[in-house]
A.B. asks: 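Quick one: this structure, given as structure tokens, is what I'll be asking you about.
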Amino acid sequence: MTQQPLTGRVALVAGATRGAGRQIAVQLGAAGATVYATGRSTRAQRSEMDRPETIEETAELVTAAGGTGIAVAVDHLVPEQVEDLVRRIDAEQGRLDVLVNDVWGGDPLTTWHKPVWEQPLEPGLRLLRLAVDTHIVTSRYALPLLIREPGGLVVEIGDGTTAYNEGNYRLSVFYDLAKWSVNRLAFAWSREVAEHGATAVALTPGWLRSEMMLEHFGVTEATWRDATRIEPHFAISESPAYVGRAVAALAADPDRARWNGRSVSSGELAREYGFTDLDGSRPDAWRYLVEVQDPGKPADVTGYR
């Protein structure tokens with residue numbers, strides 16, 4: 001029987017409809033956790049993203065992986081809905097061990113390579129609300145339950161480590177600010193929850209093979225390498241399961257407090273914990289980006305996965 005180190009643990013993955021959030025939920029489930037998967041896209045109604053993935057599908061994948069998946073439709077910009085969600089978790093489980101803030105939804109709102117005076121203002125401000133306000137609202141209501149008992153884990157999912165984002169402009173003022181802010185929130189939570197025996201970490205995947213990215217290149221997870229004919233550096237990409245396994249590894253580590261306040265990548269945690277991506281490799285996308293892609297070198301993932 002496969003070992004499930006998170007049996008009896010309860011997780012909330014806020015923003016679990018697709019991409020990283022979906023597979024974080026699934027991999028927590030594979031480790032035995034009960035996972036509340038939230039989002040706005042349901043089988044009854046799509047969100048403004050207007051995509052086919054639903055939270056019900058995510059919950060079913062969690063259960064199929066070996067956990068217990070529970071789908072809850074929540075708009076994390078609405079405090080009352082988040083408060084009701086946390087009350088439900090408390091009533092049904094009496095605990096919360098893992099909180100993952102993964103709400104994003106900003107891709108269709110991002111304008112790239114334009115200075116702020118050429119940016120549409122309302123979409124940019126909406127992006128910040130979705131990317132930052134949702135995380136604050138969720139933490140405001142979920143953290144009191146998480147810190148009720150020692151050992152809780154908060155994970156802020158972003159794009160780029162703090163070290164990378166500090167030295168690189170992320171091509172749009174709104175995107176740049178959003179991704180910097182998420183990492184800073186993890187740092188803030190680390191200071192607020194440590195005295196209660198909890199840990200907060202900022203975690204970034206590498207070049208993620210999300211549903212949207214695969215569609216962009218016209219490939220599937222099975223045929224993703226075909227996309228390297230269009231974008232050779234896509235060879236360093238990783239499946240969403242990789243960052244999911246990173247979260248599961250953190251949650252299962254009894255010494256996770258050593259990561260408190262840190263900004264880490266899925267590749268860094270893979271080296272530490274020994275997990276792999278679905279194909280058995282360990283892509284280290286952020287080291288590759290700094291050492292190969294950003295300097296303009298030819299695509300070559302030798303030594304990076």
A.B. asks: Strictly by modelled atom types, are Ser266 and Glu238 linked by a side-chain donor-acceptor pair under 3.5 Å?
C.D. replies: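 Their side chains do contain a donor-acceptor pair, which is all the 3.5 Å distance test asks for.
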
A.B. asks: Once you measure the plane-to-plane angle for Phe217 and Trp207, does it fall in the parallel (<30°), tilted (30-60°) or perpendicular (>60°) bin?
C.D. replies: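 The arrangement is tilted - the two ring planes meet at 30° to 60°.
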
A.B. asks: Would you find more than 12 non-hydrogen atoms of other residues, nucleotides or ligands less than 6.0 Å from Glu118 atom CD?
C.D. replies: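 Count over threshold, so yes.
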
A.B. asks: Check whether the side chains of Tyr36 and Glu92 place a donor and an acceptor atom closer than 3.5 Å, and report yes or no.
C.D. replies: yes

A.B. asks: Among Glu215, Glu211, Glu57, find the one that has a salt bridge (charged side-chain N to carboxylate O under 4.0 Å, His left out) with Arg51.
C.D. replies: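 Going through the options one by one, the only one that passes is Glu215.
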
A.B. asks: Strictly by modelled atom types, are Arg22 and Thr58 linked by a side-chain donor-acceptor pair under 3.5 Å?
C.D. replies: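 Result is yes, a qualifying pair exists.
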
A.B. asks: Please check if Trp112 and Met213 belong to a single hydrophobic cluster, counting links between Ile, Leu, Val, Met, Phe, Trp and Tyr side chain heavy atoms closer than 4.5 Å.
C.D. replies: no

A.B. asks: Under the side chain to side chain donor-acceptor pair (under 3.5 Å) criterion, do Ser239 and Arg209 qualify, and how do the steps go?
C.D. replies: CA-CA 5 Å; Ser239 80; Arg209 293 197 298 274; 4.6 Å; no

A.B. asks: Hydrophobic clusters here meaning ILVMFWY residues chained together by side-chain heavy-atom distances under 4.5 Å, can you tell me if Leu61 and Leu278 are in one?
C.D. replies: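 No: no chain of side-chain contacts under 4.5 Å links Leu61 to Leu278.
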
A.B. asks: Could you tell me if Asp107 and Tyr175 have a donor-acceptor pair between their side chains, going purely by distance under 3.5 Å?
C.D. replies: no

A.B. asks: Could you tell me how the ring of Trp224 sits relative to the ring of Phe234: parallel (under 30°), tilted (30 to 60°) or perpendicular (over 60°)?
C.D. replies: perpendicular

A.B. asks: Is there a side-chain contact between Val193 and Thr199 (heavy atoms, below 4.5 Å)?
C.D. replies: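 Val193 does not reach Thr199 side chain to side chain.
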
A.B. asks: Please verify the inter-ring angle class for Tyr288 with His233; under 30° counts as parallel, over 60° as perpendicular, anything in between as tilted.
C.D. replies: perpendicular

A.B. asks: Using the rule that Ile, Leu, Val, Met, Phe, Trp and Tyr join whenever any side-chain heavy atoms are under 4.5 Å apart, tell me whether Trp189 and Val132 fall into a single cluster.
C.D. replies: yes

A.B. asks: Would you say Ser41 and Ser47 are linked by a side-chain donor-acceptor pair, where the criterion is simply a distance under 3.5 Å?
C.D. replies: yes

A.B. asks: Could you tell me if the side chain of Leu153 sits less than 4.5 Å from the side chain of Val100, heavy atoms only?
C.D. replies: no

A.B. asks: Under 3.5 Å, is there a donor on one side chain and an acceptor on the other for Glu156 and Asn101?
C.D. replies: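 Judged by distance alone, the side chains do pair up.
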
